[in-house]
Structures are given as C-alpha cells and as structure tokens.
Amino acid sequence: MSSERNDFIRDIIDDDLRTGRHTRVATRFPPEPNGYLHIGHAKAICVDFGIARDYGGTCNLRYDDTNPTKEDVEYVESIEQDVRWLGFAPSAVLFSADYFPRMYELAERLVREGLAYVCDLDDEQIREYRGSLTEPGKPSPFRERSIDENLDLLRRMKAGEFPNNARTLRAKIDMASANMKMRDPLLYRIRHAHHHRTGDAWCIYPMYDYAHPLEDAIEGITHSICTLEFENNRELYDWVLDHTGPWDPRPHQYEMARLALEYTVMSKRKLLQLVEGNYVSGWDDPRMPTIAGMRRRGYSPEAIRAFADMIGVAKANSMVDIGKLEYCVRDELNQNAPRVLGVLRPIEVELVGLPAGGVVTDAPYFPADVGKPGSRPLMIGPHILIDRDDWRDDPPSGYQRLAPGRTIRLRYGPCITAEEVTRRAPDGTVQAIRATVLPETLAGKNPDDGRKVAGVIHWVDAATSLPVEVRLYDRLFKTARPEEGGGDFLEHLDRASLEVVHGARVEASLATAQIGSRWQLERLGYFIVDSEVMPGALVLNRIITLRDTHSAAAAVTAKPASDAAKKPNAKAASRPKSKSPAEYRAEARARDPMLAAAHARIAALGGVTADWADLLTGDRDTAALYETTVGKVGHADLTAKWMINELPRALAGKELADAGLDAIRFAELVKAVAEQRLAAPAAKAALAEMIATGKALGDLAVADVGGGAVDLDSKIQAVIAANPDKAAQYKAGKTGLLGFFVGQVMKTVPGANPSEVNEAVRSRLG
RNA sequence: UCGGGGAUCGUCUAAUGGCAGGACGCAAGACUCUGACUCUUGCUAUCUAGGUUCGAAUCCUAGUCCCCGAACCA
C-alpha cells in the first residue's frame, strides 16, 4: 500500500491507518464551479483521487457552491468532464448546496449553545472592529444578544425579512485572537439570489469556513487536502467540527503547496483576462494552462498524471520547471504517436533517375525501439517537396541536411544528390532544385561509390500530398515568471506563441486522420488534428517540438542569465523585529520571581553556562525538573545537556508537563549515563520509552553496556565481511561510509560504546 | 516573536541521528534512415553561525531570507 518513498500526506495516512485513527481513507476534490479547471487543479485532482486509488478509498467530486452570485451550471459540466478526462472516476458527484438544510440546523444549534450571534454591523464596520494583524479587534455591539433574540433574528434572516447584507450570523470566538480568522468569523450572509441548484429556496448562504468542514464531515471525509493559503483557516475548520459534532470519522485538513509553473499564469482572474482581452482564442486555446486547453493542445491525461507524480507533494512553495511538463508530454507521445511525413515550407525537388511511375515503399508507423506494429504505403514521384530549413546555399559546418552537391537520405526513400537550384524568388529564397537519385540506395543500401550521406531529411510527394494549415504553438509568455518584476503580466506575452503556417503539405495517408488524432511529423514535432477544419485542408496544432539538442546548444550561449536575481521584499523589511524566544524567557523570569530565583541558582552552578541557565529557566516545569534532578544526582552539566539537547526529541512534541517524566526517573537515567552503565544510544532510547510508557528505567529492557573488545571486533569484522563493496569504497576514500559501518555495528551490539566502535571500525578498515 | 507556514543540486523532490538518493536539466560519448528515441559516463545541493553527539540535512541556540493571513470570496 505505502511504497518506500511517500509524500508527507501519505505518511500521515499510513500513520492514521496503523494507529487505527481511521480504518478507511476518504478524500474529496472540491472545486467552486466558477471557472475552468487548470493544471493546478489537475495536480490537486491527482493527489486527491490518487490517494483514494492507492489506499482503496473513496474520492468525491464535490462542487463547493456556497456563493450563488459567482457560480454557474456551465462550469459544473466542464469540471466533471475534465476530471473524468484526466482518468478519474468520482466515488460520488455531490453539491454543497444539498447540505444547506443540515448546515442551517447546526447553525441554530450554535446559536442555542451561545456560540453564534446575529450581528447588524455593515461590512465596513465589521472590518473596522476586526482590528489588524498587529492589533486586537473589539467586540461587536451585538455580540451579547440573548439566545432567544439571536434565534429569532436568524430565523427571520432565513425567512427573507431582511435585505442583502443587512445582518450576518457570526461565530462567537475571540476578537483578540492572533489568528484573524478566529475573530468572530462570519457564518452566514444574506443573499437574495438565485442559486444554480437550490433556486430561490434560500436567501442566506453559508461562508466557506463554516460550510467546508461540515461538507467534509457530512460526507465522512477523513483527509481533507487543500493548499497552503488555508493553513490559517484550519483552526476555524477544527472549531466548527468541535462544536457541531461529534463526527465519526472526524475529518482533518492538510495543506500542500499549490502548483506554480514557469511560463504561465494560474489565477482565475488572469486567465479570464487573457480570454476576455482576446489574447487567446478562448478557455480552450491550446496555449492556455486549462485542462480544456491542454486537451485541445494534444497533451494526454497520462502525460499530465505523470507530471503530477514527477513534481510530488510537499509544503514548500516552488516554481516548477516547464521542461518537466514538456518531458512528460514528449515521453507519452513518443510511445503513442505514429510517425508520418509532412513539410511546413516546401521547396520543390525534381528527382532525376527515379524509376518511371515512381516508387512506393512501405513505411512503418513506429521506429524499432518503440516496437509498435503498423505501416502505410508511401508514394514517391518525380517531384517531391522538402522543407526550406533543410536547404542551405552555404551550409555551416556540421550541417546534416541538403546543400549544393551534397548527398542526403530521403526518409524511407533513396539517397539523392543536389545538383542545382532551378528557381529562386526575387529575394533569393530557393524555390526549386534538381537532384539525382542514387538507384542502388532505393532498397536501403548506402551509396556504392562510398560518397558521404550528410543526413536524413523528411519530404512529401508533390503530386499526392495534402494541403494543411499548421498552427505552431509555443509557450504563451516570453519570460519564465510573467507575474514578477512589478509590471503587468500581459507585457510578457509572446506574440510569436502562435504562428500559422499556410501552404504546408502532409503525406496522403493523413487524408483519413480523425479529429483529435496525434501524429509525429518526423523531425518537426508532434501534432494533433484540430476540431476546426479549414475548407479543403486539415488543421494541425503543434503539440510540442521534438527535443532539439543541436540548436539548443547553439541557443544557450545567446541566452542572458538574468532571470534569477532575487528581489528584496519591502513588506519584510518594514516589519518590526519580532520578539525572540530568549526575550520571552527573560520576560517570564521578570514576571515570575520563582523562575528568577531558579535562574540565579542554576547560573551559579559549576559547569553550567549562562546560555544553559537561560534555556533551563523559561518555564517552571523545565526549571523544576532540572533543579530536582541535579539535587538528586549532581552532574549539573550532564543533566543540562540531556535536558537541552536530548529531551526535546524524546518528547516527540509532547509538553513536558504531560510527559509523565518525573525527576526521580530522569535522575536515574542521568546517573546511569554518568556512571557509564548505559551507553548514550541506549540511554536515548530509554528516555523516549520512559516518556512514552511512564515506566522507570529499571522496568525497561535496556541493553547493558557491553561488547567487550574481543566480541566487538568479531561483530565489526562480520559487518565488514557482509559489505565488501562498501568496505572497498571506504578504502578508496569514501570516508562518509564510516557512519554506515558504525551504525550497522551499533544495531547488532546495542549496548556498545559508540566511540569505541567508531575507533575500532576505523582501525579495522585501515 | 502579531499569528501561521517554509528553506536540500540550475529545477522538483527523497533521506524521520548512520552511504546526501532519484527525476528533470546540462555536458561528453555510443547508437541511429528522425540532430528524435535509447544507452553509457559525468556535473552540481543540506540558508548562515555556534552547540550537543563517535557521528547532524535531521536535535539545541541565535540569526537570515521567502510565503500566507485584516472579502458579507473560496
């Protein structure tokens, strides 16, 4: 179920399953139906549905439609379609609006329990009363209304007696909370608006922070995954569940980083700007990062899912290299797109020496290494077309294409030698050339006279090829981070991101190509047959070019290396320096004479530094444990080190007061270490176990100090013998492996003294 | 400490006191009837400074930088 390497969310799930907190896994993907899904959503979908798939659980598609003024049925359909297209089947398709009755009941319950009140403040006043990030808010004048009055007002709100925004229902939490979200958040607002699902049944609508936890709880969601900007909302999420439950299972919210991708923008607002400003042709423009856009571009669901797997799940904000997406797209296409021939900007080539009537060869759809079957006949007649890019009057060195007098191979055809240019445009551009066919190469052999073949180029038969319109799509923006640098992101749009090529030709076999079918035009890139068909011509959208290491290497030198420069953050710079933990401890002592006295006593102890004395007297529990322990066993320095450096890990997040570690048992441990009856690693393990189980040292099965020199040496030799390759690497200079060997030995001889082991291993390995 | 998060190769991400690993990228080479694909080899990282430890990306301390939060949006 859980593979070796997991993301942090799967780690949590593994833990929940192991400890029995949950017996099954239920997730959900909760889009608001107010826009099209984009690649950022695709990541979320892959995480939510992927987890359900991996753990044999469920994942609901739930429309988070709690705001009637922003949402639309139009989006509901596109969203479900996009999810299914990505390859996921929702366990259920649900609507938040269907829970409105239940949510309202629970709102009345909150009112009855004195946990919510109806507030008459308007939006400006509410903001004012809320305070700021650094100042507490002040209570609403309506905060202390009676339960009966609140209930009455809430019912009248629901009954439609008040106009829009006249009153709100608010949770009664804490106007002074450091978390702004907890300063009496709004639960319901009045909206006399038509809802796409509930019609006019409601005129009060729940806010996200109230609705979302309830939706999760009602559906029995176990792991509610959202993005980082909701971290502050989690406290409120928990508050709502704690006061509306009990819920079983009790959902928990986890936050992951949202996707940011180079050369694109992701916000709905900016995407909408691109559409409405006609910078793109619509939501499904092949340059758009929308799922609809990518689908039309020819990106496959497999590629997008592979991309989601590649970038992983974590909590660090990051900007993903667009190259990773492009790699996934190419990787899938390489396996699945049949190869055909097409020419973008034709030069006519008259072929001399071709058998009369031309030649037909059978050309495979896939190269040998892809290994898929299929082929089509390929006609070559006396006139063919090649691409303008494949001709140079004056070829640069290393040019593997055609030039005067050169010989190249026509893909799936014979070798030809260019004889002369027979026609030029007024500007000198080559329009037609004549070339000689080397007949012996028709069957695939190389030229008899041993002349050099410069390369292989693509071509189409002039007589039988088909006209096509080709749309060459590229990245929408010129810069990797169009949203940075202060200016309008639209300034970074690349006008060349779409180039329409007329007059291109493709081989005859494409006459029957279906809309949506994807092909590789050899040496040019991957293309999809667009749903738009021009009169008499197919439309091909370029999905992506082939990887081009040749010209990439040439371009690299020209690229300015300016992108990286970090910008200073004005907000951070202007922010006052916050209080440090050290200041907190100092304040605690100033407030508490007992702590101050303890600090003075501890500082006066021999072997205790001023820093340690400070650290040990930030709170009474710590100070008391330290002083009592030292009072029992002495060893002021050793006790300090263990308390400061080792205790935190052993506590594993617990508060010292809850840890059940008394000075008696801690003193035993320190004493054992001081008297070298217990090696450090064993002592650390013992400490953790004492805290976890509340047992005393004597009741623990602790490894004795042992490992006499002879015994130890044989263990070391056994470990070395079991890892001959690593021993060799160590001798070759990879000294980092010392830790590996010591660790192995420590596992077999838990009570051993590590420094002795260290020394012994070192000398053994020479 | 206003509160909440975060920092590991150029990029994304592993390593839960014991080999800093993988992928993308890049470089060199091999192969090649696609300058593709594939293969081989190589490249580059623990934010800084102290401390604890035989051993620290991981624990402790002090700092630095980044992100989020004051919609009747989600």
Side-chain angles (χ1 to χ4, degrees), chain A residues 5 7 11 30 32 34 64 66-67 70 122-123 126-127 130-137 164-165 168 177-181 183 186 188-191 207-209 212 228-235 255 257 262 310-321 323-324 327 330 334 339 367 369-370 398 400-401 409-413 444 453 455-458 520 522-524 546-551 556 564 566 569 572 577-584 611 615 641 644-646 648-649 680-681 684 726 729 734 736-744 746 753-759:
Chain A
R5 275 210 261 280
D7 55 72
D11 284 343
E32 186 188 14
N34 71 341
D64 211 353
T66 55
N67 186 349
K70 292 180 66 180
D122 66 29
D123 59 344
I126 286 176
R127 209 173 318 127
R130 189 146 38 212
S132 73
L133 294 177
T134 48
E135 304 151 26
N164 281 346
N165 307 334
T168 56
S177 171
N179 182 353
M180 302 289 294
K181 290 278 186 285
R183 318 245 259 228
L186 273 55
Y188 272 90
R189 75 285 219 190
I190 300 174
R191 284 286 138 81
M207 302 289 293
Y208 168 85
D209 282 310
H212 205 89
L228 253 26
E229 68 269 27
F230 291 97
E231 279 172 330
N232 296 304
N233 300 59
R234 190 175 58 235
E235 192 179 355
E255 309 89 13
E262 286 179 351
M310 181 182 276
I311 61 177
V313 178
K315 295 198 76 158
N317 287 309
S318 56
M319 174 71 67
V320 174
D321 178 2
K324 290 184 173 62
Y327 170 85
R330 286 192 180 104
N334 179 49
R339 320 291 139 119
D369 60 305
V370 173
Q400 299 178 23
R401 313 176 192 188
R409 166 78 66 180
L410 294 176
R411 180 73 165 155
Y412 306 119
V453 179
V456 181
I457 65 170
H458 57 275
Q520 183 191 117
E522 294 207 38
R523 301 210 307 134
L524 291 176
L546 257 28
R547 188 160 166 269
D548 184 359
T549 46
H550 172 65
S551 56
V556 137
K566 292 276 183 203
N569 183 293
K577 288 270 179 285
S578 50
K579 215 181 294 177
S580 70
E583 286 172 281
Y584 256 125
D611 283 349
L615 289 167
K641 282 180 187 175
I644 293 168
N645 294 306
E646 305 302 341
R649 170 140 38 199
K684 286 174 195 174
K726 292 213 161 65
Q729 285 174 36
K734 191 167 177 183
L737 284 167
L738 183 63
F740 165 77
F741 284 108
V742 175
Q744 293 296 306
M746 292 304 298
N753 179 336
S755 57
E756 277 173 25
V757 173
N758 203 57
E759 199 41 57

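Note that the structure is a prediction, hence the values are computed from the model and not measured. Sequence lines set the chain letters: A, B, ... in the order given, protein chains first and strands last, and positions in each chain run from 1. Computation of the quantities below employed the complete heavy-atom set of this structure, encompassing side-chain atoms and omitting hydrogens, waters and symmetry-equivalent molecules.
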*Gap between atoms CG and C1', on A:N334 and B:rC39 respectively (whole Å)*: 14 Å
*Of all the choices, B:rC73, B:rC12, B:rG4, which nucleotide is nearest to the side chain of A:M319 once you look at every atom?*
B:rC12
*A:T134 side chain N/O closer than 4.0 Å to the phosphate oxygens (OP1, OP2) of B:rG3?*
no
*How far does CD1 of A:I644 sit from CG of A:D611, to the nearest 0.5 angstrom?*
8.5 Å
_Just to be sure I understand: a Watson-Crick pair is purine N1 to pyrimidine N3 plus N6-O4 or O6-N4, both under 3.5 Å. Using that and G-U wobbles, which stems of three or more pairs involve RNA chain B?_
B:2-7 with B:64-69, B:10-13 with B:21-24, B:25-30 with B:38-43, B:47-51 with B:59-63
*If only side-chain N and O atoms of A:R411 are considered, is one of them under 4.0 Å from the OP1 or OP2 phosphate oxygen of B:rG35?*
no
_I want to check one thing: is the phosphate of B:rA74, taken as OP1 and OP2, less than 4.0 Å away from some side-chain N or O of A:R189?_
yes
*Measure from the side chain of A:D64, starting at C-beta and using heavy atoms only, and say which of B:rC72, B:rG35, B:rA74 lies closest.*
B:rA74
*Would you please name every residue forming a salt bridge (Lys or Arg N to Asp or Glu O under 4.0 Å) with A:R183, sequence neighbours left out?*
none
*Is the phosphate of B:rC33, meaning OP1 or OP2, less than 4.0 Å from a side-chain N or O of A:Y412?*
no
*Among the candidates B:rC54, B:rU11, B:rA70, find the nucleotide nearest to the side-chain atoms of A:P754.*
B:rC54
*Rounded to the nearest Å, what distance is computed from the NZ atom of residue A:K315 to the P atom of nucleotide B:rU13?*
13 Å
*Check whether any side-chain N or O of A:R130 sits under 4.0 Å from OP1 or OP2 of B:rC72, and answer yes or no.*
yes
*Measure the distance from CD1 on A:I311 to P on B:rG25 and round it to the nearest whole Å.*
15 Å
*When you match A:E32 and A:G131 each to their closest nucleotide on RNA chain B, which lands nearer the 5' end?*
A:G131
*asked:* List the residues meeting side chain to side chain donor-acceptor pair (under 3.5 Å) with A:D64, not counting sequence neighbours, and say none if there are none.
replied: A:S96, A:H212
*asked:* Heavy atoms from C-beta onward define the side chain here; which of B:rC72, B:rG35, B:rC2 lies closest to that of A:A178?
replied: B:rC2
*Does any non-hydrogen side-chain atom of A:R191 lie less than 4.5 Å from one of A:N165?*
yes
*A:F741: what forms a ring-ring contact (aromatic ring centres under 6.0 Å, His included) with it, not counting sequence neighbours?*
none
*Begin from the C-alpha positions of A:L546 and A:Q520 and carry the test side chain to side chain contact (heavy atoms under 4.5 Å, CB included) through to its verdict.*
CA-CA 9 Å; A:L546 257 28; A:Q520 183 191 117; 3.9 Å; yes
*Between B:rA62 atom P and A:L615 atom CG, what is the distance in whole Å?*
7 Å
*Can you find a side chain N or O atom of A:K641 that sits less than 4.0 Å from OP1 or OP2 on B:rC60?*
no
*Quick one: which of B:rC73, B:rC24, B:rG18 gets closest to the side chain of A:N758?*
B:rG18
*asked:* With a cut-off of less than 4.0 Å, is there a side-chain N or O of A:R234 near OP1 or OP2 of B:rG4?
replied: no
*Which nucleotide, B:rC12, B:rA62, B:rG35, lies nearest any side-chain atom of A:A582?*
B:rA62
*Toward the 5' end of RNA chain B, which comes first, A:Y208 or A:R127, by nearest nucleotide?*
A:R127
*N or O in side chain of A:R339 less than 4.0 angstrom from B:rA36 OP1/OP2*: no
_Phosphate OP1/OP2 of B:rC73: any A:R191 side-chain N/O under 4.0 Å_ = yes
*Would you please confirm or rule out a distance under 4.0 Å between OP1 or OP2 of B:rU53 and any side-chain N or O of A:S755?*
no
*Using the P atom on both, measure B:rU44 against B:rG22 and round to a whole Å.*
13 Å
*Separation of A:D209 atom CG from B:rG4 atom C1', in whole Å?*
14 Å
*asked:* Under 4.0 Å from OP1 or OP2 of B:rU13: is there any side-chain N or O of A:S318 that close?
replied: yes
*Do A:N179 side-chain and B:rG4 base share a donor-acceptor contact under 3.5 Å?*
no
List every contact pair, protein side and nucleotides 56-59 of chain B side both N or O, where the distance is under 3.5 Å.
unit_1 : atom_1 : unit_2 : atom_2 : d
B:rA56 : N1     : A:R649 : NH2    : 2.7
B:rU58 : O2'    : A:R649 : NH1    : 3.1
B:rC59 : O4'    : A:R649 : NH2    : 3.0
B:rC59 : O2'    : A:N645 : O      : 2.9

_Measuring from atom CG of A:L228 to atom CD of A:E255, what distance do you get when rounded to the nearest 0.5 angstrom?_
7.0 Å
_My understanding is that only residues two or more places apart in sequence, or in another chain, count here; which of them pass side chain to side chain donor-acceptor pair (under 3.5 Å) with A:N334?_
A:R339
*asked:* Taking the minimum atom-to-atom distance to the side chain of A:L133, which one of B:rA70, B:rG6, B:rC19 wins?
replied: B:rA70
